[in-house]
Each structure stands twice: as structure tokens, then as C-alpha cells.
Amino acid sequence: KVVCLAWIFLGFSASAQRIWYAKPAAQWEETLPLGNGRLGMMPDGGVKKESVVLNDITLWSGSPQDANNPDAHKSLPKIRELILAGRNDEAQALVNKQFVARGAGSGHGNGANVPFGCYQVLGTLHLDYQYPVASEPVDYQRELSLSDAMASTRFSLGGVTYRREYLTSFGDDVSVIRLTASKPGQLRFSVSVDRPERFKTALEGQELQLSGQLNNGTDGNGMRYLARIRVVLKEGTQSAKDGKLTIDGATEALLVISAGTDFRGNDFVQNTRKELEKALKKPFAVQKKEHTAKYRALYARADFSLGTTPAAEKPTDERLEAFRANPSADPALVPLYFQFGRYLSIASTRVGLLPPNLQGLWANQIQTPWNGDYHLDVNIQMNQWPVEVVNLPELNLPLADLVKGMVPFGEKTAKAYYRAEGWVAHVITNVWGYTEPGEDASWGATNAGSGWICNNLWQHYEFTNDTQYLRDIYPVLKGSAAFYNSVLIREPKHGWLVTAPSVSPENSFYLPNGKTAAICMGPTIDNQIVRELFSHVIHASEVLGVDEAFRQTLIEKRKLLPPPGEVASDGRLKEWLEEYREVEPKHRHISHLYGLYPASLITPEGTPELAEAARKVLEFKGDDSPGWSKAYKLLFWARLRDGNRAYKLVRELFSLTRETFMNNGAGGGVYPNMLSAGPPFQIDGNFGGTAGIAEMLVQSHAGYIELLPAIPGEWKSGGAVKGLKARGNVTVDFTWKDGKITRARFFSPVAQTVKVKYDGQIRDVKTEKLPAGIKL
Ligand SMILES: C[C@@H]1O[C@@H](O)[C@@H](O)[C@H](O)[C@@H]1O
């Protein structure tokens, strides 16, 4: 294998920064995702008929609701009595009667027309092109440039080269499409726009508008939205008639799309007009320059490369196929996937707005799968796992805002269901602050969601040392700890303090009477989350010098919690307090390994027996599962420092998805556009995969920074990493050859001495000042 290593030390190679295709997209899952953290655009590159799906991350049906059952707490003593007596199935029946959401809840994942609502497509732009001659296009190319956050389509037809450039601008908050023809006056096309329901189009002068109001699930009058489309021409004419703009004889056409909703009281009519006017005054070259500069300020901070081969020059869909057959022929594909993950983070969230939902911000439906919501039992957490280590820390802040917004709702839920202090959220939330349990006990009664999400909030502090941020989120962490502190009960066997009722997310077991149940007390994940959360709040209150008494309470209570894990008789880590027989042994959720990742309660060096038991769980479950679950397994193997096993999961991430809708079982992989498949499209696999690859390269959760903790033999020959982050606000650059580190540099805003392990040795390293211009 001839791998060109030279550029490793010279920086990026072009092919490592783009995904491209030699034909138009045949399905939505082949279109190219563009986003600026609010707006989304997915052009299919059709030659005669082009569809461009438009999105706005704030566009949700539904509305704030109170689905709490105010009397639920009255059933709690009985539910607990039944659980303590081992009559979990009866407890589950009572939970389903009294302890779930009132009303439709999330509509069993079909919440479009109930108050829970769902994330929805904004609309689809239709561009119908006419060409002077009826011949087939040649030299067709469609690409997404990761280094510019721009897409393009290019082909020749009848001796004219047509070029289309697409961007969702990080400068002005608009989407822009620029069409050019290599010969004057060759552009003829019409523009129309629609969506599956609840819309009207209008023409205001030369402006095409799409507007409407979504269903709030009560009186039907929910969120309002508006998209404005204008075209600026070089030569040629345009007319506006019958809901269409028609362009004729132009040499260049610039489509500017400004869109918005009334989310959080936004004056969308005014703001979309202002954004549009501002953008229309700007030449495309200026728009593009500002856009790229703002985007690169984040994107250019980090990179990873394993060398390249001629295979990297192929169209991406062909590379994916070839990689499945022979991965070693194309070492550059994994770094491309890694950078694509970083790109998707930057494109699907922005400070001051919303975190990426189950689809990031890309959707082409009204009823999106699982409502395109924020699932709290792995999915929303996984979406954020890469941002700290891949040097995009500010992209964790929208999550902190969302969670802060949930607290008042969660306090109400804590009172209604548990008569408890603090706040709680269960398994799903939305943009309306939903914290109630789900509508079914088997998945809806887990109360680990809020504690789990506090881990994400804590990670931002661990990686940045930002005490101002810590002061800001401390009430959220404290409120969550206060909830668990006030609901824990003693279980009879060991006298441990445990949660009840709860569920090990979405997983069920057999009872001795042959019945199945999910409802239980002290599932392993709850025990791990509560232990870790108490430790974080104890630490935070020390750093901030507050809440001495509460800190002491948590220190005492922590002593009474179950251990972070127990080994079952078959050597696996126990998922529940009891050694129940699982209903679905290879279930996609692996919640009891939370202590291995994202927590650091289980480590090979600190808890070898538990680490070995965790390995047995992963061996037992095997690798086939939805995309997110494969990504999670990758993270676990990386934390077990088994590079070859981790690499097997990296390869699994690229597998061809088996398209059985929402099969929840298996078949995860990627679509031709490298977006991850549950199936269906679900972005957490991309983010989990990116975090997993980073975890193979750098780890810092065990009290020191480790370089190359889990790389496979496949990557030993050589590689380079730039700008990855370690806890304590340390930025790391390094290269390696034949498995040995050849160069390593550690930077931090304030010089510090850190413990670093590589080539089997731990050493003290003084960090260098971060070079000027490198923003953290
Ligand atoms: C969004 C959904 O979230 C949980 O219910 C997972 O078990 C499913 O696989 C899916 O990812």
C-alpha cells in the first residue's frame, strides 16, 4: 500500500475536504446538507428539475402544554411497594395507569398534530430549467466542500457550462444559490416553492413568498413561518406570475432566500425582510468571503489525517462501496468522515439558538421520525459528544440554554409525580419544554434523562475550566441532584439508595413468573448517573464556595449508592440490580455501560474487573445495531483501549444501511451522502462516530492526557492530528510514525503542567501559550 505521507506535515489535502458525486441525487439521502446553525438547504443537483429542501431549526408544530398528571404522586408508594416485592409487572401496569403523561404525550412518535408537536420541513424550492438544446449533460459534478461550507453543481450541456453554487450563509442569515452559464443569456428557469401542508404562496412584486401556520395541537393555530425568495439577474428578464418567478436569457442569477418563524417571539416578518434587503445589496463574492471566513473560524481549528491514496479521488459513493470491500486502500475516508462530523456540528447549531435535533436540522417531512425531537436517553447527548474534543466548545452552549429552559417545567413534573425537590426530565423533550414521562411505561418512565444531560453540561466545564460558565449552570446541576437526592429509596438487599420507579432505557426483562417488565428500581445506569452527578455538584460547590450543607448531604448519600457496577454470574456487567433474563439480549441500548462512557466510573486501569465485565457485554451484544448504537459501541471499545475492536466499529459505521424503516434493531450505517442511518436518517450516528474516532486518538478522562490510546494496527504506519482538545483547556497537535509519536505539542491559554501518556510512558509536560489568532 503506497500512502503519500508528505502532506501530513504540510497540512490539508483537497480531497480530504469534500464529498462529491458524478450524478444528481436519486433520493433525499443523497442530497448535500448545508446549514448555518439555523437555516438548512439540501439541493439534489437535478439537471432539468432541481429540488432544494429548505429548513429552519426552529420550525415546530405543537405548543407548551401541561401533560403532568397532578395526582401521579399518590400512586408512588404503591408502585414502589410492588417493585420492592418483585411484582414489577403489576407496578408497570399501575405506572401505565397513573404515572405516565396525561393526554397524547409525544403521540408515540407521531406528534405532528398533538401539543408535543414535531420538527418539520420548511418547504421545497423547485427549479425547472430549460436548455436551448435537448442533449444529455456531460462532465457532471456535484460536491459539498467541507472547508468552505459550500455546495456546487457543474455540468456542460450543448456546449455551455452551467454552474450552481449553494450556501446557507454564516455572514447574512440567508440561503443563497448562484447560477451561471459560460455563455451569455443561457439561463432560463422558473422558481416555485411549496410544502406538503399548511402553506400558501404569494407574489409581492418580484418576491415569491411561502408562508403558513403549523398545528399547535389544540386550536390548530401554532407556529407561523415565512420564506421570501428574490432573484437578482445579470442580463435577461424575470416575471412573476401564477405563484412562480420565471427567468429568461440571464447570464447569472442570484437567488436569495430569507426565512424565519415566530419562535421565542421572533418578529419573523420584519427580520426576514431586513436580512433579505441586507443580503441583496451584497455582491456574491463579498457574501461568500464573509461566509467562509466566519465558518472557517471554527472549522479550521482542528484536523486529522492518515495519508491519502488515489482511491480518495473517486466520487464519495464509490469510495464508500470500495471501502466496505477493502478499507486499507482508502485510509483518507475515515478522516473525511471525521471532518464531515465537525462540519455537521457547525452547520446544525449556533450559540443563542437550538442544539441539533434527531435530524440535526435537516428534514424533508411533516411528521419526522420520532418527531425529530430531543431524545434524552442517549440521542441528544450523543449529538454533543464530539464538540469539546474536536475543538468546537461554544457549540455546547445551545444545549445548556435548552436545559435551562426545561428546569421550571421539570420542577412541576418533579412535584406532580414524585413530590420531589429540584427538577426532572424523562426520555424526550421538545422546543416547548416537555419534561413529563412518555406515554408508555416501557420506555417513558426512565428518569435518567435529566441527570444524563447534566453530564454534557459538566463536560463543557471540564474541557474549558470556565468558572463563569460553571456558576451559570450550577443551579441546573444542583436542581437535578436535589431531585435524585429527594427520590432515592433504600432497597432491602444491600440497603443501597436507588431510584424507583425507573427503567434501563427501553429495555425489558423476564420475571420469575415468566411475565416481562421494564419498570424496576436502581437500574445500573441510574446508579452511575446519580453517583457521577453528586460528585460533580460536590466539586462545583467547592469550586464556587457555595452550599456547604447540601454538599455534605451529597457526600453522605453518595456513600450509600450502589457501586458503579456489579459483575453477573456470566461475567457480564449487570444491567439491573437483579440478574434478570433479557427479553432482547442484543438490545440496541447499552445503558449500563454509561459508567465507561461518557462517565469515567469504569476504566481499564481503575476498575479492571468492571472493565472486563463491560467488554463481555459488548462481545455478547455484537456489533449490528442502529447507527447511533454502533457509534456508542465504538466509544466503549475506544475507552477499553482496544484499537482494533474500535476500528471494526468504525468500519461498521460505513456499512450499507439495510433500509427497513424504523426497525430499531439493526442495519445502521451511512447513506450515500455520509449521513448516518438508524435507519432512517438520524444524525446522532455521525456525531457519535466523530466523537468515537477522536476518542481513539486522544483521551483525557482518567486524570492524564493520553495520545493514541486506541488506534488499530491499520493506522499505526503514520498520521497527524491538529487542534484536538483535552480536559483542562489543553489543545493538542501531534504526529506519529510506526506507532510511535514523532512530534507532540500542548497548548493552553494559561501555561500549566499536565500529565501526558504516550509510547507507554506518563510524563509531565509544560504547555505552550496558544499561538495568537487561535481562538479557544
Ligand atoms: C430516536 C430513537 O430513540 C430511541 O428510542 C432509540 O431506541 C431508537 O433507536 C431511536 O434512536
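Remember, it's 1-based here, ligands and their atoms both numbered in the order they're listed.
Close approach of ligand 1 to H589 is summarised as follows: ligand atoms under 4.0 Å from at least one heavy atom of the residue are 4 (C), 6 (C), 7 (O). Within ligand 1, the atoms closer than 4.0 Å to a non-hydrogen atom of R588 are 6 (C), 7 (O), 8 (C), 9 (O), numbered from 1 in the order shown.
Looking at D684 next to ligand 1, no N or O pair under 3.5 Å apart turns up. Residue E506 has at least one nitrogen or oxygen atom sitting less than 3.5 Å from a nitrogen or oxygen atom of ligand 1, judged on distance alone.
Contacts with ligand 1 closer than 4.0 Å are made by side-chain heavy atoms of L358 only, the backbone lying farther away. With a 4.0 Å heavy-atom cut-off, ligand 1 is reached by the side chain of N379 but not by its N, CA, C or O. Residue-level proximity to ligand 1 for W443 is absent, since no heavy atom of it falls below 4.0 angstrom.
Checked against F483 for a ring pair (Phe, Tyr, Trp, His ring centres under 6.0 Å), the options Y417, W423, Y418 give a single hit: Y418. For the ring pair (Phe, Tyr, Trp, His ring centres under 6.0 Å) with W385, the qualifying choice from F687, W628, Y597, F463 is Y597, the only one to do so.
Side chains of K412 and T435: no donor on one and acceptor on the other come within 3.5 Å. Between the side chains of N455 and Q459, a donor-acceptor pair is found at a separation under 3.5 Å.
Heavy atoms from other residues, nucleotides or ligands lying under 6.0 Å from NZ of K97 number 12 at most. Shown here is E321, whose CD atom has no more than 12 heavy atoms of other residues, nucleotides or ligands within 6.0 Å.
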